Amino acid sequence: MRPPQVLKGMRDILPQQMLLRQHVISTFRRVFERYGFEPIETPVLEYLDVLTGKYGEDEKLIYHFTDRGGREVGMRYDLTVPLARFVATHRHELSFPFKRYHIEPVFRADRPQRGRYRQFWQCDADIVGTASMLADAEVIMVWIDALSAIHMPNFVIHINHRKLLQSMAQFAGVPDAQAVTIHRAIDKLAKIGRDGVREEMLQNGISPEAADRVLDLVELEGEPGVVLAELRTRLAGNQLAEEGIADLEELFRYLGELNADPKHYCLDLALARGLDYYTGPVFEAMVSEPNIGSLGGAGRYDHLIGMFLGEDIPATGASLGLERIIDVIQVLNLLPQPQTVTDVLVTIFGDEGLGASLGFVSQLRAAGINAEVYLGERRDLRRQMQYADRKGIPLAAFLGPEEIAAGMVNVRVMATGEQFTVPVGEAVDAINRLHVRERDSDGAARQ
RNA sequence: GUGCCUCUAGCUCAAUUGGCAGAGCACUGGUCUGUGGAACCAGGGGUUACGGGUUCAAGCCCCGUGAGGCACCCCA
């Protein structure tokens, strides 16, 4: 018999790792709520046809099966399409513009690699029911704040516009059917360089003249206002370009007025983004240091909800990949690794001391302090101290015969070895005064 | 989905040409039941990912399966 393994692309998460995840999740939650996004949840499973026809080629990565009632069932591929279905379902129960966040696992039958799993969590914040670029600006702001809140350094949100991409293909004289080929190629500009992109376009039947025209546009860099003005001149007369440029000018203006830190966003005319449903501005959060791809993708999708409703409701949103963010945090050591949820280990002195220790631990718990006694059968002090040490429990409390007789308790700060004795009645205050840690609502340690 | 690489104790890795499966760390126990991290001593742990084949003999060679990784593809 083969020892049990977890399914390809899926992982168990151990307590320490889980504490770090919970810390990141609750940090994101706080940032999302600071902007007025509210939580929802949707089922992991949807009717398969809810999911199909939305992602383009990626559709083949949707996990699907037939259930016992003969229904064709798909596991959600992202949280955006379920949101669109959700809005269509609950349209009359929501007030618009509707802002929701959604932090849950999604599934993709992809071939796994580092930073690439078959089950992973997305952290989404979306705004439904407004075509205003202000919504897109808010989405970018919430991203910047969320990534800043976990001390992510050097991240940059690349910004482009689907209409600009299309107009550039038109400008180069490439038929719409081949536009995707061009977008796919230029998306690799940073990776394979101008020559590589040009070669790929030529191999896919793009004429050298068209390739160069596109590349000359895409390689424009610099201050967004300046680049957009230059584009306006070069693409003059192109309807899509006009619209895209106007959107982006408005968007960058709002970002400035919202005091977005300019080092965290840029105009990137080569950014394509694959998913079919994007219609307007598109965003991607990138870090340079660990080579892990993007931390998140986002954009405006004004026609997606219409696919369920028959009537368009404009929407825009952002999606962060939890696993990749955790990977970066660990590679760069951005946050101290939380060890345990326990604040205090109450030690036990033999059978005579057991009652006093149990009484004390229950007092601590009633006061909201995370406290435990050593549950092993052999409870010599050495063993109990080792347990506290290995778990990283910051405080140990001793109620031996002397303390019990005097109505006192002895508290040891494990990290320093300092010890002090206080009356049992004052122990809660004394422990709280040590300010061992703050707590999140879910109990994860916080810095 | 394509190509390539990898899998030996909980972890990191050894094992000559195909010839008795090992070390360090970790773990458990002891020195040591009023105080953890150290040291010393002892111990447990393996169908070499799983299944099959070749061979007198397989951790090593061959085939299949599973999982991990790299490059594509694409993406979080």
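Note that the coordinates shown come from a computational prediction; the quantities given were computed from them, not determined experimentally. Any value given below was found using the heavy atoms of this structure, including those in side chains, with hydrogens, waters and symmetry copies removed. Reminder, nothing fancy here: chain letters follow the sequence lines and each chain counts from 1.
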Could you measure between the two [atom1] atoms, the one in [N] and the one in [M], and give it in whole Å?
N      : M      : atom1 : value
B:rC32 : B:rU47 : C1'   : 40 Å
B:rG59 : B:rA49 : P     : 10 Å
B:rG69 : B:rG29 : P     : 35 Å
B:rC11 : B:rC41 : C1'   : 24 Å
B:rU8  : B:rG22 : C1'   : 10 Å
B:rG44 : B:rC25 : C1'   : 16 Å
B:rG18 : B:rC56 : C1'   : 12 Å
B:rA23 : B:rA15 : C1'   : 10 Å

Checklist outcome for this item: side-chain hydrogen bond (donor to acceptor under 3.5 Å, both in side chains) test vs A:Tyr117 passes for just one of A:Glu323, A:Arg11, A:Lys8, namely A:Arg11
Nearest 0.5 Å, please: how far is [atom2] in [Y] from [atom1] in [X]?
X        : Y        : atom1 : atom2 : value
A:Glu104 : A:Arg76  : CD    : CZ    : 4.0 Å
A:Met201 : A:Gln178 : CE    : CD    : 11.0 Å
A:Thr340 : A:Lys391 : OG1   : NZ    : 4.0 Å
A:Ile393 : A:Gln339 : CD1   : CD    : 10.5 Å

Got [X] and [Y] here, is their nearest side-chain heavy-atom distance under 4.5 Å?
X        : Y        : answer
A:Ile182 : A:Asn204 : no
A:Val128 : A:Phe86  : no
A:Asp136 : A:Phe283 : yes
A:Ile144 : A:Ile157 : yes

For [N] and [X] - does any side-chain N or O of the residue sit under 4.0 Å from the phosphate oxygens OP1/OP2?
X        : N      : value
A:Lys191 : B:rC72 : yes
A:Gln113 : B:rG68 : no
A:Lys188 : B:rC74 : yes

Report the distance from atom [atom1] of [X] to atom [atom2] of [N], rounded to the nearest whole Å.
X        : N      : atom1 : atom2 : result
A:Asp58  : B:rA76 : CG    : C1'   : 12 Å
A:Asp276 : B:rC74 : CG    : P     : 13 Å
A:His158 : B:rA76 : NE2   : P     : 15 Å
A:His183 : B:rC75 : NE2   : C1'   : 18 Å
A:Ile186 : B:rC74 : CD1   : P     : 13 Å
A:His102 : B:rA76 : NE2   : C1'   : 15 Å
A:Lys391 : B:rC27 : NZ    : P     : 15 Å
A:Lys8   : B:rC50 : NZ    : P     : 18 Å

Item to check | Counterpart residues, side chain to side chain donor-acceptor pair (under 3.5 Å), relative to A:Gln363 (two or more places apart) | outcome: none
Item to check | Base-pairing string, 5' to 3', of RNA chain B - Watson-Crick or wobble, under 3.5 Å, | interstrand | outcome: (((((((..((((.....[..)))).(((((.......))))).....(((((..]....))))))))))))....
Review item, nucleotides 31-35 of chain B N/O atoms under 3.5 Å of protein N/O:
unit_1 : atom_1 : unit_2   : atom_2 : d
B:rC32 : O2     : A:Arg382 : NE     : 3.4
B:rC32 : O2     : A:Arg382 : NH1    : 3.3
B:rG34 : O6     : A:Pro401 : N      : 3.1
B:rG34 : O6     : A:Glu402 : N      : 3.1
B:rG34 : O6     : A:Glu403 : OE1    : 3.3
B:rG34 : N1     : A:Glu403 : OE1    : 2.9
B:rG34 : N1     : A:Glu403 : OE2    : 3.2
B:rG34 : N2     : A:Glu403 : OE2    : 2.8
B:rU35 : O2     : A:Arg412 : NH1    : 3.4
B:rU35 : N3     : A:Gln419 : OE1    : 3.3
B:rU35 : N3     : A:Gln419 : NE2    : 3.0
B:rU35 : O4     : A:Gln419 : NE2    : 2.9

Checklist entry - Near RNA chain B, which residues from residues 115-126 of chain A have a heavy atom under 4.0 Å away? => result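 By residue number: A:Gly115, A:Arg116, A:Tyr117, A:Phe120, A:Gln122.
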Item to check | Near-strand residues of residues 138-149 of chain A, defined as heavy-atom separation under 4.0 angstrom from RNA chain B | outcome: none
Checklist entry - Mapping A:Arg390 and A:Leu61 onto RNA chain B by nearest heavy atom, which one lands closer to the 5' end? => result A:Arg390
Checklist entry - For RNA chain B, whose closest nucleotide is more 5', that of A:Arg114 or that of A:Glu284? => result A:Arg114
Which pairs, protein N/O on one side and nucleotides 4-11 of chain B N/O on the other, fall under 3.5 Å?
unit_1 : atom_1 : unit_2   : atom_2 : d
B:rC4  : N4     : A:Arg111 : NH2    : 3.0

Item to check | Distance-only polar pair, side chains of A:Tyr278 and A:Asn160, donor-acceptor under 3.5 Å | outcome: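 No pair is found: no donor N or O on one side chain lies under 3.5 Å from an acceptor on the other.
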Answer yes or no: is there an ion pair linking [X] with [Y], defined by an N-O contact shorter than 4.0 Å?
X        : Y        : result
A:Asp261 : A:Lys263 : yes
A:Asp49  : A:Lys54  : no
A:Asp351 : A:Arg379 : yes

Checklist entry - Angle class for the A:Tyr101/A:Phe32 ring planes (parallel below 30°, perpendicular above 60°, tilted otherwise)? => result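 The rings of A:Tyr101 and A:Phe32 sit tilted, inter-plane angle from 30° to 60°.
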Checklist entry - Across the strands shown, which category fits A:Val6 at heavy-atom distances under 4.0 angstrom: base, sugar-phosphate, nothing? => result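 Sugar-phosphate contact only - A:Val6 comes under 4.0 Å of backbone atoms but never of a base.
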Checklist entry - Is the backbone N or O of A:Ile348 less than 3.5 Å from a side-chain atom of A:Gln384, with the two atoms forming a donor-acceptor pair by type? => result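 Checked: pair present.
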Checklist entry - For the residue pair A:Gly74 and A:Ile62, what are the closest heavy atoms and their distance? => result CA-CG2, 4.4 Å
Next on the checklist: Tell me if the aromatic rings of A:His264 and A:Phe155 count as close, with their centers under 6.0 Å from one another.
Outcome noted: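 Yes; A:Phe155 has its ring centre under 6.0 Å from that of A:His264.
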